[in-house]
*Asks:* 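First the structure, then my questions, so here it is.
The sequence lines fix the lettering, A, B, ..., with proteins before strands; numbering per chain opens at 1. Atom set for the values below is all heavy atoms of this structure, side chains included, hydrogens, waters and symmetry mates excluded.
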There are 2 protein chains.
Amino acid sequence: MKARVAEQAEQPTSKRRAALTRESILEAALRLCSPEGGGQLTFSRLGKELGADPTAVYRHFRDKDELVLALTELTVAEGVELARTTLPDGPTDDWRNWLTVTAESIRASYLARPVVAVLAAARTTASPAEAGSVELLISVLHRAGLPVIEAAECCRQLVDLTLAMTQYSAAFSSLDPATQAKDEAAWAVKYAMLPEAEYPLLHESTPRLTELFRDDTEVFRMILATFLDGIALRIERSRQDRPHQRVF
Amino acid sequence: MKARVAEQAEQPTSKRRAALTRESILEAALRLCSPEGGGQLTFSRLGKELGADPTAVYRHFRDKDELVLALTELTVAEGVELARTTLPDGPTDDWRNWLTVTAESIRASYLARPVVAVLAAARTTASPAEAGSVELLISVLHRAGLPVIEAAECCRQLVDLTLAMTQYSAAFSSLDPATQAKDEAAWAVKYAMLPEAEYPLLHESTPRLTELFRDDTEVFRMILATFLDGIALRIERSRQDRPHQRVF
DNA sequence: GGGCGTTGTCAACGGCATTGACAGAGCCAT
DNA sequence: ATGGCTCTGTCAATGCCGTTGACAACGCCC
């Protein structure tokens, strides 16, 4: 039944308004979630965007949560796809580049729709695209010299680190600009008033910290780099302990 | 004027209900924010907790945002205090322990009130307690061999990493239990259905990944450990490059 | 003791997600 | 073709939320 309805939706022969579909709703929602879209996802805005009654959406999604979950799946799928096109096809030893590109692709996809990141980055997405990506990540790390289980652990760490940092950034960038400005001003005032005698090191670092203030992307890159250095150390240790363990 | 009112509040001689104070409101709000408090912070619940009209709070806080910001300040102050009591007094070379305790203290304080973490972990807190803590962290890293600016950068990384991971955890744990269970079930189903032939490594890792699923604390410890390994590498590099740079 | 600022109360507004009753449109079997 | 069925969009209403403005009681200072 549902299939038939979906087909019909692609050829709106009836007098009814452009028939709503799961896809058309998701597209509209994604439009609203983009930074230009207004930074808020509500049913009334969604209804206006679709030219339909807000409550019509309930015919296709049980509640807002289900809608948001579908949006996250689209988002991670896009992130995985972005990483796939950027990375080389065949097997590679460049695990560091591989992890970096994956993390930054996922981050970029989420930050293109901060609302989605804020609402659901902490939710589990059962997207199939993700599994393939994780499998590849594990294989890359295993190739680099890590035991499979440890590679999986590192992968999990990388994913959580990335999602957490993304949600963190998105939470700030989806505040209204006035609040952002106020927060930034408060921070500047606080650091300007620190007595140099009491906080000599902090005072010396203030220029650099100011540069970094809310430059989420730069901070994320730094954290990621440090984290990958840690992974490198693990790989090195692993190789020393069991130099002949490599499978490939 | 305000000071006078505060004094009076400590001796409620009047017939009026237990006079509201900034402090009493904050205490009540913290009670509501704790996991036992119900996991939701609304003005009506707050009014009920205080035995007063919900709108009375507006006489002490301009809006909810200001209230939440005050709660965050209390929370980070508590976290810093917790770290201070745990750590040794004098100077130390155990930078790794220092950073670990600081990060976990802040995380623990936030997670005692997940609501606060969700609502405001991405906001800037101009708390003075924080500055002292950061100054100390920089000095510890500097002592360990890092140039001041680089130490400050690492400190910034550590703070953001911790706050992001905390917000990430809190976002999940402050969902209603039904949703949590549903997410977990969906994840389990997804992984149980992965064809072993296509995802051999993932399949092999599933038991460990299941253990780790939503065990936020363990994942956080692992990420922190890896991150600190990265810092260790930087320190080592720094010492090799400029072995006589150390100030202490 | 008479103003006056401070503080708690009350009623109301607009926005939000969600629900249930209703209505039109396509589809099927008779 | 017609009656009934389901699918889908509409409308009105509910309950919770943050927030506001008018009002009233209280305590302070002159």
*Asks:* Check the pair R107(B) / T217(B) against side chain to side chain donor-acceptor pair (under 3.5 Å), numbers first and verdict last.
*Replies:* CA-CA 9 Å; R107(B) 183 181 136 95; T217(B) 303; 2.9 Å; yes

*Asks:* Among the nucleotides dC17(D), dT10(D), dA17(C), which one has an atom lying closest to any side-chain atom of A56(A)?
*Replies:*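 Nearest listed nucleotide: dT10(D).
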
*Asks:* Over how many whole Å does the gap from F43(A) atom CZ to dC11(D) atom C1' extend?
*Replies:*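 Whole-Å distance recorded here is 17 Å.
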
*Asks:* So that I can tick it off, tell me whether R84(A) and E81(A) are bridged by a salt bridge, with the cut-off set at under 4.0 angstrom between side-chain N and carboxylate O.
*Replies:*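 Salt bridge: yes.
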
*Asks:* D63(B) CG to dG15(C) P: how many Å, rounded?
*Replies:*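 D63(B) atom CG is separated from dG15(C) atom P by 18 Å.
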
*Asks:* Salt-bridged, R31(B) to E36(B), with N to O below 4.0 Å?
*Replies:*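 No, this pair does not count.
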
*Asks:* Write down the distance between CG (L50(A)) and P (dT8(D)), rounded to a whole number of angstrom.
*Replies:*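 That distance rounds to 15 Å.
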
*Asks:* Any carboxylate oxygen within less than 4.0 angstrom of a Lys/Arg side-chain nitrogen, looking at R156(A) and E153(A)?
*Replies:*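 No, this pair does not count.
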
*Asks:* Measure the distance from CG on L46(A) to P on dG15(C) and round it to the nearest whole Å.
*Replies:*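 That distance rounds to 17 Å.
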
*Asks:* Rounded off to whole Å, could you give me the CG-to-P distance for the L20(A) and dG24(C) pair?
*Replies:*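 After rounding, the reported distance stands at 19 Å.
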
*Asks:* When R22(A) is tested against each of E73(A), E66(A), E27(A) for salt bridge (charged side-chain N to carboxylate O under 4.0 Å, His left out), which residue passes?
*Replies:*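 When salt bridge (charged side-chain N to carboxylate O under 4.0 Å, His left out) is applied between R22(A) and each of E73(A), E66(A), E27(A), only E66(A) qualifies.
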
*Asks:* Which of the following nucleotides, dC23(D), dA12(D), dC22(C), is nearest to the side chain of R59(B)?
*Replies:*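 Among the listed nucleotides, the one closest to the side chain of R59(B) is dC23(D).
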
*Asks:* If you look at every strand shown and take non-hydrogen atoms under 4.0 Å, does L67(B) touch a base, only sugar-phosphate, or nothing?
*Replies:*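 No contact at all - L67(B) keeps every heavy atom at 4.0 Å or more from the nucleic acid.
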
*Asks:* Can you tell me the distance, in whole Å, between the CZ atom of R62(A) and the C1' atom of dA17(C)?
*Replies:*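 Atom CZ in R62(A) sits about 14 Å away from atom C1' in dA17(C).
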
*Asks:* As a test of reading the structure: which of dT19(D), dT8(D), dT18(C) is closest to the side chain of K64(A), going by heavy atoms?
*Replies:*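 Out of dT19(D), dT8(D), dT18(C), the nucleotide with an atom closest to K64(A)'s side chain is dT18(C).
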
*Asks:* If only side-chain N and O atoms of T42(B) are considered, is one of them under 4.0 Å from the OP1 or OP2 phosphate oxygen of dC17(D)?
*Replies:*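 So the side-chain polar atoms of T42(B) do come within 4.0 Å of the phosphate oxygens OP1 or OP2 of dC17(D), strictly under.
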
*Asks:* Under 3.5 Å, is there any donor-acceptor pair linking the side chain of S44(B) to the base of dC16(D)?
*Replies:*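 Side chain to base: no pair below 3.5 Å.
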
*Asks:* State whether H60(B) places a side-chain N or O below 4.0 Å from either non-bridging phosphate oxygen (OP1 or OP2) of dT6(C).
*Replies:*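 Checking dT6(C) against H60(B), no side-chain N or O comes under 4.0 Å of OP1 or OP2.
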
*Asks:* Can you tell me the distance, in whole Å, between the CG atom of L41(B) and the C1' atom of dC16(D)?
*Replies:*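 My rounded result for the distance is 14 Å.
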
*Asks:* Rounding to a whole Å, what distance do you find between D53(A):CG and dA12(D):P?
*Replies:*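 Distance, rounded to whole Å: 10 Å.
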
